[in-house]
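Structure record follows, encoded as structure tokens.
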Amino acid sequence: MKRHGTVYESFAYMNYDHTKIEKKWQELWSRNKVYTTPDSVPGKDNFYLLVEFPYPSGNLHVGHWYSFAVPDILARFTRMSGKNVLYPIGFDAFGLPAENAAIKNNLNPRDWTEKNIAFMTKQIESMGTMFDWSREVKTIDPAYYKWTQWQFLQFYKKGLAYQKETSVNWCPKDKTVLANEQVIDGKCDRCGSDVVQRQMLQWNIKITDYADRLLEDLEPLDWPREIKEAQKNWIGRSEGAEIDFPLNLPQKYKFVILHGFKSAPDRPRWLWAKARLEEMGHEVILPTLPNPDSPTEKEWVGTALAATTYDENTVLVGHSLGAVTALKVLEKLERPIARLVTVGGFISKNFKDNPRPFEKTFSWTFDGEKIRSSVRSITVLHDPRDHAVSDAQAKELSDLLQTPVTVGTSNEPHFTGDTEPDVVMWLRPTIRVFTTRPDTLFGATYLVLSPEHPWVTAALRHTNVLKNTDEVADYVKQAGKKTELERLADQKEKTGVRLEGVDAVNPATGEKIPVYVADYVIATYGTGAIMAVPAHDKRDSDFARTFNIPTVQVVEPVFRRSDGGDAWRENESSKPRTAVMCIVKHWTNDEYLCIRWKDFAQIRTFVSGGIESGEDAVAAGLREIREETGFEHAKFVRHVASGRTQFYHQVKKTNIDAHFEYVYFELTDDAKVAVTEEESSHLEVVWTKRDEVQNFLTIAEKDYVWESFTKGQSFNAENGTLIHSGSYDGMTVAEAKQKMTEAFGRTKKTYKLRDWIVSRQRYWGVPIPVIHCKTCGTTPVPENELPVLLPDVDDYLPSGEGKSPLAKVGSFVNVKCPACGGDAERETDTLDTFVDSSWYFLRYTDAQNASAFAAKDKQDNWMPVDMYSGGAEHTTMHLLYSRFWHKALYDMGLVSEPEPYAHRVNHGLVLGPDGQKMSKSKGNVIDPDEIVERLGADTVRMYLAFMGPYTGGASYPWNPNGVVGVRRFLERVAKAQELVQDAEVPALNFELHKSIKKIGGDISAFKFNTAISQFMILLNTIEKEKGIGKAQWATLVTMLAPFAPHLAEELWSLQGGSNSVHLKTWPIYDEKYLVESTVTVAIQVNGKMRGEVNVPADADKSAVESAAREVVAARLEGQEVIRVVVVPGRLVNFVLKAE
RNA sequence: GCCGGGAUGGCGGAAUUGGUAGACGCGCACGACUCAAAAUCGUGUAUCGCAAGGUGUGAGGGUUCGAGUCCCUCUCCCGGCACCA
């Protein structure tokens, strides 16, 4: 590889030797504890500048310099400006690379990591930053991860951490589970292998509980817009409605209804429900459960079991205590039944009102797994008005059955009315969909279920539900095999299979609609099922076309003409009108009949006119064509679309609010009847070629009409009113959304954000501190036994089963249950490293604390972080996770602020000299150690700051010549010492004070590049003046300190400065030096630069004008000046009269 | 497709937020020093033109005395999300 070193090698330093001074000062600073930050200093405000702590990969690269050394300028400047600045550093030291290195080279990951930390610490020290190493944090330190574990347990106790059989991204090569964020284009972001889906029991963190707050608290944050937008997008909240579509199945079921406490089968509601179900052809069995006033589990379950046989056509319904009985029945069944419906059910005894006698005669433990395996589909119906069963009880039941709670509307609380239609409705199977467009419900002409939808899964377990079970099973299987990448690649061609033998009912129209399974619907979003509205959704339209499903337009866009004579007149009344607009094709040519209106020259339309009573759109269209143009033989081809246009009718002198049908006709020949005198005097027929029509027409709706015609479809439905929607016709979209949601569903928010899977089947991470006991279940490790230390292991290969290497360590795994003392097993998964980094910034505030992760009063010295600087790649992962983590800690009262970071900036990458991302394979990697050795740390720091603006995530190529240029500048600074004299050089004061002002301002705004350029301008001025006063020089050296800390310190001491320059305060500029006595004013004529003139700064406008007038007198000769614009201190503009 | 950001000399980038476009640095050219080269110093460097004078901030239109900056339409580039209902 050719080294870029030639440029650096050829550089010879003359005025200072960086190798001597940098080492010297670094050691002195360290010895004198110049950068140790006290928790607080009387009279000073605290300022917390945070940079993302590095992973100890082994070597520092230029990116680290960019991340740490450039913000160091801000840290130092802020400190010099009188604040107590915390600028800490540490290592995010758990993670996969150590483990991979261990496996590859047969090393201990801890040794590998510690060695890297030691080496990188030395490298970081060479930067000359003001990091306070006394607060260093290492995530692998047991004193640190003790608190990671402790916090995890607090999350667990709050129900924020839970285990769930989760479909996870599985990397077959790394043998580990990957977060969604770690899957890039269907491949593992570490090794590039194809990721497959696999079901595994995983620890999840309920970040979704915080989705709303993460979104809403983002708004007031003073963060760059792009970061806020990216997080918003990632959370992906959409607001809409859930709507239930009942299914019609040919299948007849046997309903077994178990009544509740103090009830009986002959209550009106059961007789009524029985009748309804029998009407549908189902069989209903209503056993009388013994001693309803003092029931026992044994008697009830026994009676229920004896009442009938239970098979795959059985639907078991349990009301109240009957629901408890039903669960017990299911625990005893050998063959699964079709369905379980619990109505007002519960599994614990904490009733809202009062205790009940059966609390002692029923057992309150349930085998959820057994119950779930005994039934193919489950509905948990709960009444929020229930007087006895609380929402929390419903939730417990729902958790046990792993089925969401269905909220029902009761006639009497607890579903005890004489009739309970909701109960019967829920006895029929239904499909729940999520939609953001409930207003288009009347246009829903089919349903689509995702291949993984529970109803599909359940239906496939039977052989008699679907007529095409095999076909559906095959499709579901194929879809499951596809990775997300493949599904995406197949996007163009929508596939799916109709569920034969099943219909859904559109709850709005009452019509039967078909049900499909298709992989364009994804299981994990919304309810995993959609109502498809092909008229207003591209995807549904594509699918509908393939499967020949009808399309019903239910929203028509509204066009209001806004310019020209027919513009809608706000204050005039309007008349409704039904009209037709005719797209008429020529009998042979691909030309279309357009009209130019003679009276209103600017208006060009299609043939159009009102539909009269007794006419339909086609008849009206034919009539209008004949009347307006005379053509007799037009053939109706198809209806194109509907739309609404609002305009002012210039003849009728009123606003018209017209509902238009756009209809396509073709002329068959040129036969014509005579057109009345009146018509022909008003209009002229213009045949227009296909691609010119859109330009020719002047009407507001032209694009919509023409695109609907040519492309077959226009989905325009955002701003419009409803049609074909019964009593909702004419409503706006917003109105209809609200009304239809009320009538047919309920409002619902959905998020793209999913729960955070934190368990990793890996060795090199924080052990999850829980113990699994057969008797007590999952039990947290007692806090006084923390930390759960990561044991040494013999080999680091994950077990082939996807378990962590820790599973192979018997002494680690086999423990006694902390609750019952029995034999138990330790959890062997470790935590995602994003957990480690979700709270490290808190630890910096109290890094040595052994009794808490950070004392609250110590946190309060610094939190929230004033400025967090880091890479753009962390926008949606680390930044979102740590915001969430902090909010959860906040809710537990463990931190004082809901948001951890007051400000955030993202920086970009340093690219290779070729403008490409640095990579070993491209051979364009810049080794910072080499450059530091040749040119010095000060040069590297300053060059990185000078490349371009730091914030905004922009990336810059490394320019070897540019680096030398910066060193050249530092050489000149060092050389300028020779110019120092006792006497002040007054000519420098203007530039010096301007620099104090600008450099300070620019640093605060992260505009280091322009700050440095001002420094260069100042130096140029000094060289021109060939002298600088001693005090002026001291000011300059002070300003140099944040940028080039070593050279500044050296120059400071050479000049006899006391102590360290880094303990000095930033100079204060004096306004008086910034006032110039004369200013140069630009002179323009008609806005063009024509000269300039020097005038006294305090000259009044007329003086400036006359001075300017003299300069450009020749140009003004013989011209009439109609206006003079004078901008004081800037310019004079003479405006001449146009010729 | 959706969201966000951007487009200025040979290059990285400035431009007081509507007021002299190209600061500063790199590169390049010429000159000084040197036997020579490097380093250093000096001068120049948007572009067309000998000049006077034109023309120029992705393209086209608009607002304005005046537009890199504001508005509309379009093109391209970068980042994020993506069959999200």
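We name chains A, B, ... by the order of the sequence lines, and we start the count at 1 in each one.
In this structure, the nucleotide among G80(B), G4(B), U20(B) sitting nearest to the side chain of Ala1082(A) is U20(B). Checking C24(B), C65(B), A85(B) against the side-chain heavy atoms of Thr435(A) singles out A85(B) as nearest. Among the nucleotides G4(B), G25(B), C83(B), the one closest to any side-chain atom of Arg972(A) is G25(B). In the set G12(B), G80(B), U20(B), G80(B) carries the atom at the smallest distance from any side-chain atom of Ala230(A). When distances run from any side-chain atom of Glu229(A) to the nucleotides G12(B), A85(B), C3(B), the shortest one goes to C3(B). Listed candidates were G19(B), A14(B), G12(B). Nearest to the side chain of Gln1084(A) is G19(B). Looking at the side chain of Met1089(A), the nearest of the listed nucleotides A14(B), U16(B), U20(B) is U20(B).
Checking the phosphate oxygens (OP1, OP2) of A15(B), a side-chain nitrogen or oxygen of Lys1007(A) falls inside 4.0 Å. Between U20(B) and Thr1080(A), no contact under 4.0 Å exists linking OP1 or OP2 to a side-chain N or O. The side chain of Arg225(A) contributes an N or O atom lying less than 4.0 Å from OP1 or OP2 of G5(B). Considering only side-chain N and O atoms, Arg437(A) lies nowhere under 4.0 angstrom from the phosphate OP1 or OP2 of A85(B). OP1 or OP2 of A85(B) lies within a sub-4.0 Å distance of a side-chain N or O belonging to Tyr525(A). Distances shorter than 4.0 Å separate some side-chain N or O of Asn961(A) from OP1 or OP2 on G27(B). Contact check, Asn15(A) against U40(B): no side-chain N or O comes under 4.0 Å of OP1 or OP2.
Electrostatic pairing of Arg437(A) and Glu718(A) counts as a salt bridge here, judged by a charged N lying under 4.0 Å from a carboxylate O. Salt bridge Glu1105(A)/Lys1101(A): absent, no basic N to carboxylate O contact under 4.0 Å.
Under 3.5 Å, the side chains of Thr875(A) and Asn906(A) contain a donor-acceptor pair of N or O atoms. Side chains of Asn924(A) and Gln916(A): a donor-acceptor N/O pair is absent below 3.5 angstrom, by distance only. Judged by distance alone, the side chains of Tyr520(A) and Asp540(A) do bring a donor and an acceptor atom under 3.5 Å apart.
Checked against the 6.0 Å centroid threshold, Tyr1069(A) and Tyr1073(A) do not count as a close aromatic pair. Between Tyr525(A) and Tyr751(A), the ring centre distance reaches or exceeds 6.0 Å.
Taking only distance into account, the side chain of Lys494(A) meets the base of C83(B) through a donor-acceptor pair shorter than 3.5 Å. Contact of Asn233(A) with C81(B) (side chain to base): no donor-acceptor pair of N or O atoms is detected under 3.5 Å.
Across all strands shown, Lys228(A) has no heavy atoms under 4.0 Å from either base or sugar-phosphate atoms.
For A14(B) and U69(B), the C1' atoms lie 14 Å apart once the distance is rounded to whole Å. The same atom, C1', is picked in A29(B) and in A46(B); the two are 16 Å apart, to the nearest Å.
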Glu991(A) vs Lys994(A), salt bridge (Lys or Arg N to Asp or Glu O under 4.0 Å): CA-CA, chis, key distance, verdict: CA-CA 5 Å; Glu991(A) 208 60 63; Lys994(A) 191 173 145 197; 3.7 Å; yes
Under 4.0 Å protein heavy-atom contacts per nucleotide of nucleotides 54-64 of chain B, with B for base, S for backbone only and - for none: SS---------
